[in-house]
Amino acid sequence: MKDYEYLLSDINRLNGIGNKTSKLFKKKNINTIFDLLWSLPQGSIDRSKISKLNQLQIGKIQTVIVNVKKYNFPRKRNLPNRVLCDDETGNLDCVFFNSYEGYIKKILPLGSIVKISGKVGLYKNKYQITNPTYISSDKKGIRKIDSKYSLTEGLTEKKYNKIITDVLKNIPDLNEWHDNNICKIFDNISWKESVIELHKPQNAKKNGIFLKRLIFDEIFAALLISSKVRFNIHKIKKKEKKFNENSYKEEIINKIGFKLTNDQVKAINDINRDLKSNKKMFRLLQGDVGSGKTIVSLISSLNVINSGYQVSFMAPTEILAQQHFMLAKKIFDNDIDIKLLTGKTENKDKKKIIEDLRNNKIKMIIGTHSLFQEKIIYKNLGLVIIDEQHKFGVKQRKNLSDKGGKNCDVLVMSATPIPRTMIMTIFGDMDVSIIKEKPKNRKEIKTYSKIENNIIDVINFVKKEVNKNNQIFWVCPLIEESKKVDHQSSIERYKYLNNFFENNVGLLHGLLSKEEKNEILKDFLNKKIKILVSTTVIEVGIDFPNANLIIIENANKFGLSQLHQLRGRVGRGDKESSCILVYKSSLSENAKKRIRILKSTNDGFKISEEDMKLRGYGDLLGFKQSGMPNFRLADPILNENLFLLAEKEIKRIKLNDENFSKYMPLLKLYDRADILSDLV
Ligand code: ADP
Ligand code: MG
């Protein structure tokens with residue numbers, strides 16, 4: 001057995017953990033001994049002070065020295081056994097549920113003097129300690145200070161302390177995985193020593209060097225593995241793509257009717273360089289909502305098609321796939337065969353599409369997840385584009401890239417403006433191009449706030465826009481975590497608005513079928529309806545240039561970044577656009593702060609930074625970012641310096657396999673190694 005394997009073994013191998021206890025731990029997702037190490041003391045319990053029985057405080061853990069006076073063993077079910085005790089100042093009952101008489105008599109012999117520690121309660125006007133944590137007949141027998149853990153239900157403090165003490169005693173001496181320069185930064189404290197320090201009751205919640213080292217290890221493991229993935233992907237030699245990047249330019253610019261921004265051009269150049277090189281591309285295109293990523297990806301697609309390859313473009317939703325498809329149709333030559341494939345595509349069409357992809361007749365396929373789940377075989381796939389797939393982590397991207405084959409480049413697009421530490425963590429396996437600049441014609445979105453009682457003001461605002469033939473999003477958020485309530489609140493709003501704008505309101509909520517949703521979105525896109533009431537199902541990425549007003553109800557339920565994303569649904573055309581945040585009641589300081597930030601800037605990166613400061617990183621994205629590894633200790637805001645240090649160190653070390661092996665225990669422990677097993 002390798003040293004670290006002890007730590008990865010099941011907790012039930014520990015003394016004192018039988019089936020029952022192990023189930024309790026597993027409920028809390030503590031499966032291995034290593035997991036157990038991160039269940040941290042919340043503070044300490046001091047049992048050293050002895051209290052007299054007339055000084056007892058109910059509800060507190062206290063230690064007393066008493067005489068054992070009398071047993072009371074009622075031989076009835078459900079009634080506990082009692083042992084009556086006293087000192088010179090008062091009385092106390094020790095109460096035992098589920099303990100045998102013989103055992104009680106042994107630990108509390110009549111007439112003896114014992115030390116007892118436990119939580120003091122009051123029953124029928126008498127003090128009692130139920131199932132005392134410690135009973136000892138000699139003075140030494142009680143641990144003076146225990147760590148206080150956030151307890152798993154059904155587990156006692158005593159058991160927890162005993163288990164963890166055992167584990168800490170048995171942690172193997174692991175070989176140091178870091179180089180000397182890093183060890184020095186952390187005062188040469190080893191991983192093992194750090195973990196032991198971490199569990200000392202007096203260190204609870206302390207921010208010592210031991211904690212920094214452990215946080216660093218966690219960050220280092222996450223960044224190291226994505227860098228290794230990147231390193232290995234870059235080793236893959238592919239056929240260079242050959243194309244003339246200028247041949248289409250004028251034609252496309254004419255068709256889209258706007259000039260590309262500098263950042264768009266830069267991104268296209270980055271991508272072209274990758275496509276033409278003999279290394280496989282693995283690139284993230286990041287840009288705030290509305291920064292114009294789609295056109296960049298379509299121009300790249302054209303280049304790939306011109307060099308003789310097929311392109312596969314995956315969008316997160318059907319409606320978005322449809323939008324991309326329509327745009328591609330518009331700007332591509334008629335003789336380039338593009339097809340749309342979604343869950344809605346009819347079976348016979350699907351069959352034909354699959355056949356034509358296999359024989360290289362179709363040059364570009366745009367679709368949803370189904371593109372990769374189905375048994376689709378490409379003749380000659382040269383580029384995979386993944387749009388707004390926040391749920392994809394390193395592993396999924398890697399799988400997709402593999403599926404495309406070695407000549408297949410990969411482009412991932414994301415509108416989630418996140419700070420660099422998080423880009424490193426989530427997308428560390430990729431090269432990054434960022435579009436910061438917004439298209440020139442963009443106007444700032446004016447942001448207002450309103451209390452719900454004054455909703456009639458909002459209605460009047462909406463009337464003006466409707467009269468100008470503009471379109472409006474009206475967002476009703478999830479009020480409870482329940483879909484039912486969600487759709488009820490939006491139905492009520494829909495009815496209310498229909499009083500004012502008959503036949504001009506559409507309703508979109510989570511309980512509608514895909515077909516129904518699509519119909520309504522189409523009606524909105526074709527301007528058949530003016531107002532679209534919806535829950536947050538108006539998806540990221542959708543482009544409705546004619547919509548220039550968005551109302552967001554219960555706005556305090558959303559995070560800043562999410563509000564920014566929602567707000568970004570408007571302001572895409574060249575009209576004045578506005579966003580009205582509606583609040584239920586008077587605003588908290590925090591809510592006021594958020595409105596101020598939103599009003600003051602339209603820059604998603606700034607907003608996400610402020611958001612992180614207000615809320616911490618976990619909640620930042622407003623939707624569960626499962627591409628983000630679960631850190632137990634590290635925090636991309638608070639520990640920015642350690643992220644930067646890890647990045648620097650990883651750049652320094654060579655990532656070839658011989659060098660890499662010393663990090664394997666670290667990666668195994670921090671559950672990052674499984675990606676390696678299928679690395680080429
Ligand atoms: P996102 O980056 O959020 O995916 P889109 O690609 O959907 O943004 O673009 C948003 C809107 O901006 C679209 O209507 C698109 O036609 C338009 N657009 C893109 N680039 C430019 C540009 N350089 N100048 C003007 N409008 C642009
Ligand atoms: Mg987009």
Side-chain angles (χ1 to χ4, degrees), residues 248-250 252-271 283-302 313-332 366-368 385-392 411-418 432-445 470-471 473 521 524-525 527 538-548 550 561-575 577 602-605 607-608 621-623:
Y248 60 82
K249 236 181 193 162
E250 206 117 317
I252 290 186
I253 301 288
N254 284 338
K255 278 184 187 155
I256 53 179
F258 51 74
K259 249 187 92 192
L260 296 177
T261 62
N262 292 331
D263 280 356
Q264 283 174 316
V265 172
K266 236 193 273 163
I268 292 175
N269 290 342
D270 286 347
I271 295 167
R283 184 168 289 277
L284 169 70
L285 177 59
Q286 213 208 8
D288 203 353
V289 278
S291 60
K293 295 182 292 293
T294 319
I295 191 69
V296 171
S297 67
L298 289 181
I299 288 175
S300 307
S301 304
L302 206 53
F313 189 137
M314 177 162 74
T317 62
E318 293 193 28
I319 191 86
L320 206 53
Q322 245 167 40
Q323 274 208 334
H324 292 331
F325 176 65
M326 266 140 52
L327 183 61
K329 276 276 205 213
K330 187 172 140 192
I331 66 172
F332 285 16
I366 299 181
T368 49
I385 300 169
I386 308 166
D387 189 19
E388 306 287 3
Q389 280 293 2
H390 309 281
K391 295 202 180 89
F392 274 37
L411 180 67
V412 175
M413 304 199 283
S414 166
T416 317
I418 44 175
V432 183
S433 298
I434 297 184
I435 305 184
K436 279 223 156 153
E437 192 186 1
K438 292 259 170 80
K440 292 244 160 25
N441 60 350
R442 282 298 144 75
K443 299 217 168 66
E444 294 277 291
I445 303 164
N470 290 331
Q471 287 178 290
F473 289 115
L521 283 167
F524 193 61
L525 201 56
K527 303 182 196 169
I538 52 164
E539 289 106 351
V540 187
I542 277 183
D543 191 34
F544 289 108
N546 196 49
N548 73 333
I550 182 164
S561 298
Q562 217 181 353
L563 288 174
H564 174 67
Q565 284 275 350
L566 281 170
R567 180 172 69 170
R569 298 301 111 226
V570 301
R572 295 171 156 245
D574 38 22
K575 291 178 202 154
S577 307
N602 271 280
D603 178 340
F605 286 90
I607 288 172
S608 83
L621 306 168
F623 38 91

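Atoms within a ligand are numbered from 1 in the order they appear, just like the ligands themselves. Starting from 1, each residue takes its place in the sequence as its number. Just so it is clear, the values below take in all heavy atoms, side chains as well, and ignore hydrogens, waters and symmetry mates.
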Give yes if a backbone or side-chain nitrogen or oxygen of Phe258 is under 3.5 Å from a nitrogen or oxygen of ligand 1, and no if not.
no

Would Arg283 and Asp270 count as a side chain to side chain contact (heavy atoms under 4.5 Å, CB included) if you check the C-alpha gap in whole Å, the side-chain angles of each, and the deciding distance to 0.1 Å?
CA-CA 9 Å; Arg283 184 168 289 277; Asp270 286 347; 3.8 Å; yes

From CA spacing to verdict: side chain to side chain contact (heavy atoms under 4.5 Å, CB included), Ile331, Leu302:
CA-CA 10 Å; Ile331 66 172; Leu302 206 53; over 6 Å; no

Below 4.0 Å, non-hydrogen atoms only: which portion of Lys259 touches ligand 1? Side chain, backbone, both or neither.
backbone

Honestly, for Thr294 the part within reach of ligand 1 (heavy atoms, under 4.0 Å) is both

I'd like to check which ligand 1 atoms, numbered from 1 as shown, lie under 4.0 Å from a non-hydrogen atom of Thr261.
23 (N)

Hey, do the aromatic rings of Phe325 and Phe313 have their centres closer than 6.0 Å?
no

At their closest point, which heavy atom of Asn602 faces which heavy atom of Glu444, and how far apart are they?
ND2-OE1, 2.9 Å

Give me the ring orientation class for Phe524 and Phe544: parallel if the planes are under 30° apart, tilted from 30 to 60°, perpendicular past 60°.
perpendicular

Below 3.5 angstrom, do we get any N/O pair linking Pro545 and ligand 1?
no

At under 4.0 Å between heavy atoms, what of Ser291 touches ligand 1? The answer is both

What do you reckon, does Lys440 have a nitrogen or oxygen under 3.5 Å from a nitrogen or oxygen of ligand 1?
no

For a quick test of reading the model, state the closest non-hydrogen atom pair linking His324 to Asp387 and the distance between them.
NE2-OD2, 2.8 Å

May I ask whether Ala415 has any heavy atom positioned less than 4.0 angstrom from an atom of ligand 1?
no

